[in-house]
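So that the names make sense, note that chain A is the first sequence line, chain B the second, and so on, each numbered from 1. As the structure is a computational prediction, the values presented were derived from the model and not from experiment. As a basis for the values below, the full set of heavy atoms in this structure was taken, side chains included, without hydrogen atoms, waters or symmetry mates.
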Amino acid sequence: MAVLIDLVLLSMLAITALRVIFLKDLFAVVMLFGIYSLLSALIFVNLDAVDVAFTEAAVGAGISTVLMLSTLALTGRTEKENKRSSVLPLLVVIATGAALIYGTLDMPPFGAADNPIHQHVAPRYIEESPKEVGLPNLVTSVLASYRGFDTFGETVVVFSAMVGVLSLLGAARRRENSDDAAVIVAGFKGHKVLRVVAKLIIPLIILFALYVQFHGDFGPGGGFQAGVIAAAAFILYALVFSLSHAMQVVSPKFLQLLASLGVLLYASVGIYSMLKGGHFLDYNKLAADPLVGQHFGILIIELGVGIAVFAVMLSIFYAFAHQVERSTIK
Amino acid sequence: MLVLDIVSSILLMTGIFFGFSGAVGLFRFPDFFTRVHAASITDSIAVILIIAGLLLQTSFDLNTAKLMFILMFLMITSPTASHALAKSARHGGLLTLGESKQQQKQQKEQMQQQEAGQ
Amino acid sequence: MTAVLAAVCIAILVIMALALTRAMKAPTVYDRILGVNMFGTKTVLFIAVVGYLMGRPEFLDIAIVYALINFIGMVAVLRYFEYTAPID
Amino acid sequence: MHLGLWVVVLSLFWLLLSGYMQPMLLSFGAISVLLVVLVIKRMANVDQELKQVDFRLSIFRYLPWLLKEIMSSSFHVTKLIWSSPKDLSPTLAKISLKNIPKEKRVLYANSITLTPGTLSLDINKHEITVHALEAASVDELNEGAMERKIAGLWPKKGEEK
């Protein structure tokens, strides 16, 4: 049964991907990408990888659609005709592909039960983590505790993505004279139903994000997903009530502060555990009982991740949307 | 327990029937606005029936509440999305079936008048 | 009961395939959005049903996320039209 | 919608989502609800639209009726899909809003969209533009069963004459 569902989903995924390649209308491409990420999230669900599906749902279908659309608003909607011959790129791609396939020949067979990863790493996590970390959700134990360094690195990468976008597009500033902003606002003022429904649903989205943040230890979820969902709520507000309104609720400056605060919060847990005589991010030293220490450590670093991701996502959206507004006004 | 299962199966199957009909309507109806009606079948009655069918499968705990939330969110957001989409389409200049027929008729008449004038 | 749920799963997949076809071959850009939106709501249902089929009701959390995120995506698409007029 | 009511709704939402009754998670819940209320307040200060969202529990009296309505019109539209979709006579009509108080108009518009066969296209101060699959559904709306149901949901303060 699960295999059948997988096959159907995968073939739908392949058809969507093929259609995306041959479409010239980039708007249609963005729409199909939305479907693509919905499909891949469904495959993750079907494979029982709930946390990954969660992330894909929030990031792939939500934030990336919004960001790609704002990029389209900046760049234009049709793909440029490529006049150059595609023989050389094709050759390069074929050569690289062949090299990669040759490389996989040495790898252990895909999905076989006697692969090294199923011999040492996975069983250890499954058997020892309830004793060592003590969280019901194994994925969170691995991500936040065993792989705490990686997750810290990822958070820093997300942060530097924000720095990159802001330095390319310019940081959005709160506009003082709201005359030109009024032009934009007028466009969506007509959507009364949308405004009322958004008003009703935004608080629920934010609360749901906070629920995801604090229940990452028990079920699917955690800081990353929570940050993205919360950012999506504010993006909805910005889309419906205009960017300048959103910037008055959460200012870009405050977001930049929050983003660095999130990363620092994560790092400070590491440094604190070093001061306590452990290694960097050694949660066992945070409290007298190692399990309690683990629990506290994970809670705080997840909070750091959540804050950082939220602030970064929203800042990037602000930067794009601000640029779009500026380019349409002039 | 068996009665619940039967009722829930009936609900699920009816929901699927409506959902399928709506999806077919997406192809059989002549213009965009009528197709929104077809899609709204799958968004309203099919969702209600399928979630109701699943509700009977729960043991009336937190999952029941979560299913209710999903139903509630969909009932709030999907008509809003349909409305906003139809509104944008209308403001974007898409004509309804009657209007476009009328427009064609007018154009034809104009053409005929021009021909008669020549 | 599992058989019924499995059948429902397959049926939702069929409906999703129809919506996908509409989104791919759309006469107007609005039809495309309509197809994508319908695909999104069916995804929510699919996740909920699969959750029960596989005996993992925690999937409902993901279904909730989808129900919310799908709406935001739709609003973003409509907002995009404020800046650029549709072509086809 | 009043801030106090929001606190109740949000707390309920949290409890039903979480289901954990440990003091630590409950306090996280309290903090979260507070945070969200803070955000609501900030948003309301910026856009001045807090009052636009009006929600009362009496809406639950309306839902069964709406459900029945959705059922019957779904049957109707389904019949149309399978029988003769080519000779539809879709119509546009304007429905007056003068009997519906301001804060219930969105509910009215969404109820129209939610019942298959009718779709609200546009809404302004005086009327809703409705697209219907058949002229009969517009007549039904004009008869005003839904209008009366919604208008009678809760009395508006200071308007009881």
Distance (rounded to the nearest 0.5 Å) between [X] [atom1] and [Y] [atom2]:
{"X": "A:E56", "Y": "C:I62", "atom1": "CD", "atom2": "CD1", "answer": "11.5 Å"}
{"X": "C:L20", "Y": "A:I35", "atom1": "CG", "atom2": "CD1", "answer": "5.0 Å"}
{"X": "A:F208", "Y": "C:L68", "atom1": "CZ", "atom2": "CG", "answer": "6.5 Å"}
{"X": "A:L194", "Y": "C:R79", "atom1": "CG", "atom2": "CZ", "answer": "10.0 Å"}

Side-chain contact, heavy-atom cut-off 4.5 Å: A:H215 with C:D61? no
Is chain C contacted by the side chain of [X], its backbone, both, or neither, given a heavy-atom distance below 4.5 Å?
{"X": "A:I63", "result": "neither"}
{"X": "A:A41", "result": "both"}
{"X": "A:T16", "result": "both"}

If you count heavy-atom pairs within less than 4.5 Å of chain A, which of C:Y66, C:F71, C:F46 leads? C:Y66
Pick from C:I64, C:I47, C:V65: which one has the most heavy-atom pairs with chain A under 4.5 Å? C:V65
Which of residues 43-53 of chain A have a heavy atom under 4.5 Å from any heavy atom of chain C? A:V45, A:N46, A:D48, A:V50, A:A53
Could you tell me which residues in residues 49-56 of chain C have at least one non-hydrogen atom under 4.5 Å from a non-hydrogen atom of chain A, sorted by residue number? C:V50, C:L53, C:M54, C:R56
Can you tell me if CZ on A:F218 sees more than 12 non-hydrogen neighbours from other groups inside 6.0 Å? yes
Near C:K25 NZ, under 6.0 Å, is it more than 12 heavy atoms from other residues, nucleotides or ligands? no
Contact winner vs chain C - A:V212, A:L23, A:V66, A:L38, heavy-atom pairs under 4.5 Å: A:L38
Residue, of A:T65, A:I229, A:I205, that accumulates the most heavy atom pairs under 4.5 Å with chain C: A:I205
